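Down below is the structure, laid out as structure tokens.
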Number of protein chains: 2
Amino acid sequence: MAWKFNDGAPIYLQIVNTLKRNIASGAYPPGSRLPSVRDLALEAGVNPNTMQRALSELERSGLVNSQRTAGRFITEDASALLDLRKSMSEEIVSEFIARLRGIGMSDEQILDTVRDKINSEHKEET
Amino acid sequence: MAWKFNDGAPIYLQIVNTLKRNIASGAYPPGSRLPSVRDLALEAGVNPNTMQRALSELERSGLVNSQRTAGRFITEDASALLDLRKSMSEEIVSEFIARLRGIGMSDEQILDTVRDKINSEHKEET
DNA sequence: CTTATTGTACTAGGTGATTAATACAATAAG
DNA sequence: CTTATTGTATTAATCACCTAGTACAATAAG
């Protein structure tokens, strides 16, 4: 089934984020082989060129490396993966706090909001 | 000085968000008059048409109303502003939690991360 | 060796976003 | 009344993104 592309941002950038997320979460383990460009494109429901472009971006960041005819592989570099995870959460948290402050919320309110949200979801155990 | 446009999302959508943020935070008080389309475009560093498009979007959501030649005004509807603030924070928090969960973080880790981030910033009082 | 698969490159076309340059009616301000 | 300002509409041109289709060299698999 095709992946979901929400905002108006370029699809290839959204794909990059999705792939990064899958790498950071371990869904694509270190050293594992990625599906081929064509298969990934089919899976995502986009043109192979678009997927190729997204993968080229990942290449530049060193998270994956391509071996001409054997396929693409996730880096074995454990520290790179730790860095990825850390930098991603850093960015996500910073952006989150900045956004809520931007609409006039205090730090206490921000923390409370997160706590409430998590707790309210845990209550929904029917 | 021109506004900052980060991601690859369409500028007019980013402008809509910026304006919503300014309304939600009270930077643009209820009933107050917005700068003209041309002035806002100049301030944001975009073409007047782009600003016009963003403002038309805001119009549809009922947050502002235009009076032909007198200018544009923020709605006086206090409840609409409360709703805006609430829905914006709802969306921001939901997206935030989903993102961190997406890279494999537990709810406890998420809460800790926010707490740490806020506390670490408070330490920086030279 | 033969063949299928892989990453990669290239051209072309369509679409939407953005800019540019005007133009106009309504009206607040003088 | 006259004038400047306002929101709004229109047309055209440019650019990035996306899709489509094709092609090629390298190599793993048979």
Side-chain angles (χ1 to χ4, degrees), chain A residues 1-20 22-23 28-29 31-76, chain B residues 1-20 22-23 28-29 31-76:
Chain A
M1 99 204 85
W3 296 359
K4 305 164 197 165
F5 302 115
N6 310 328
D7 35 32
I11 294 179
Y12 80 95
L13 286 181
Q14 298 187 51
I15 293 177
V16 169
N17 286 332
T18 299
L19 294 175
K20 276 188 179 176
N22 287 341
I23 295 174
Y28 293 151
S32 66
R33 183 181 174 281
L34 276 175
S36 74
V37 178
R38 295 167 177 80
D39 285 348
L40 277 176
L42 201 64
E43 180 185 336
V46 300
N47 188 280
N49 295 329
T50 305
M51 183 58 67
Q52 166 75 14
R53 181 164 181 180
L55 290 171
S56 295
E57 286 289 320
L58 271 191
E59 206 94 17
R60 291 199 309 104
S61 63
L63 291 174
V64 303
N65 47 68
S66 65
Q67 287 163 18
R68 210 63 177 88
T69 65
R72 261 198 192 78
F73 298 85
I74 309 294
T75 180
E76 306 253 16
Chain B
M1 101 203 84
W3 296 358
K4 305 163 198 164
F5 302 114
N6 309 329
D7 35 33
I11 295 180
Y12 81 96
L13 286 181
Q14 298 187 50
I15 293 177
V16 169
N17 285 333
T18 299
L19 294 175
K20 276 187 180 177
N22 287 340
I23 295 174
Y28 292 152
S32 67
R33 183 181 173 282
L34 276 175
S36 75
V37 178
R38 293 168 178 81
D39 286 348
L40 276 176
L42 200 64
E43 180 185 337
V46 301
N47 188 279
N49 294 329
T50 305
M51 183 58 69
Q52 166 75 14
R53 182 165 181 181
L55 290 171
S56 296
E57 286 291 320
L58 271 191
E59 206 95 16
R60 290 199 309 102
S61 61
L63 290 174
V64 302
N65 47 68
S66 66
Q67 288 163 16
R68 210 64 177 89
T69 66
R72 263 197 190 78
F73 297 85
I74 309 294
T75 180
E76 305 253 17

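Since the structure is predicted, the reported quantities are computational estimates derived from the model, not experimental observations. In what follows, chains are A, B, ... by sequence order, proteins preceding strands, each numbered from 1.
Here the closest non-hydrogen pair linking B/Phe5 and B/Gln14 is CA-OE1, 3.3 Å. Heavy atoms only, all atoms of each residue included: B/Ser32 and B/Tyr28 are closest at OG-C, 3.8 Å. Between A/Ala9 and B/Pro10 the shortest heavy-atom distance is N-CD, 4.4 Å.
Rounded to an integer number of Å, the gap from B/Tyr12 OH to C/dA17 C1' is 8 Å. Following rounding to the nearest Å, B/Arg38 (CZ) and C/dT22 (P) show an atom-to-atom distance of 14 Å. The separation between A/Asp39 atom CG and C/dT8 atom P is 15 Å, rounded to whole Å. Here the C1' atom of nucleotide C/dA9 and the CZ atom of A/Arg53 are 14 Å apart, to the nearest Å. Across the protein-nucleic acid pair, B/Asn47 atom CG and C/dA21 atom P stand 9 Å apart, rounded to whole Å.
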Protein-nucleotides 10-15 of chain C N/O pairs closer than 3.5 Å?
{"unit_1": "C/dC10", "atom_1": "N4", "unit_2": "A/Asn49", "atom_2": "OD1", "d": "3.4"}

Which atom pairs, one a donor and one an acceptor, fall under 3.5 Å between side chains of residues 59-67 of chain A and the rest of the protein, sequence neighbours left out?
{"unit_1": "A/Glu59", "atom_1": "OE1", "unit_2": "A/Arg72", "atom_2": "NE", "d": "3.1"}
{"unit_1": "A/Glu59", "atom_1": "OE2", "unit_2": "A/Ser66", "atom_2": "N", "d": "2.8"}
{"unit_1": "A/Glu59", "atom_1": "OE2", "unit_2": "A/Ser66", "atom_2": "OG", "d": "3.2"}
{"unit_1": "A/Arg60", "atom_1": "NH2", "unit_2": "A/Glu57", "atom_2": "OE1", "d": "3.1"}
{"unit_1": "A/Ser61", "atom_1": "OG", "unit_2": "A/Leu58", "atom_2": "O", "d": "2.7"}

Determine all donor-acceptor pairs shorter than 3.5 Å in which one atom belongs to a side chain in residues 47-55 of chain A; sequence neighbours excluded.
{"unit_1": "A/Asn47", "atom_1": "OD1", "unit_2": "A/Asn49", "atom_2": "N", "d": "2.8"}
{"unit_1": "A/Asn47", "atom_1": "OD1", "unit_2": "A/Asn49", "atom_2": "ND2", "d": "3.2"}

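Interatomic distance, B/Ile23 CD1 to B/Leu34 CG, rounded to the nearest 0.5 Å: 6.5 Å.
Read 5' to 3', the first and last nucleotides of DNA chain D with an atom closer than 4.0 Å to a heavy atom of chain B are D/dT6 to D/dT10.
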Note, DNA chain C 5' to 3' with Watson-Crick or G-U pairs under 3.5 Å encoded as ( ), [ ], | and . gives ||||||||||||||||||||||||||||||
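Residue order along DNA chain D, read from the 5' end via each residue's closest nucleotide, puts B/Ser36 first among B/Ser36 and A/Leu13. Annotation: of the two residues near DNA chain D, A/Pro10 and B/Leu34, the 5′-most nearest-nucleotide partner is B/Leu34.
The stretch residues 63-71 of chain B touches DNA chain D through B/Ser66, B/Arg68, B/Thr69, B/Gly71, each having a heavy atom within less than 4.0 Å of the strand.
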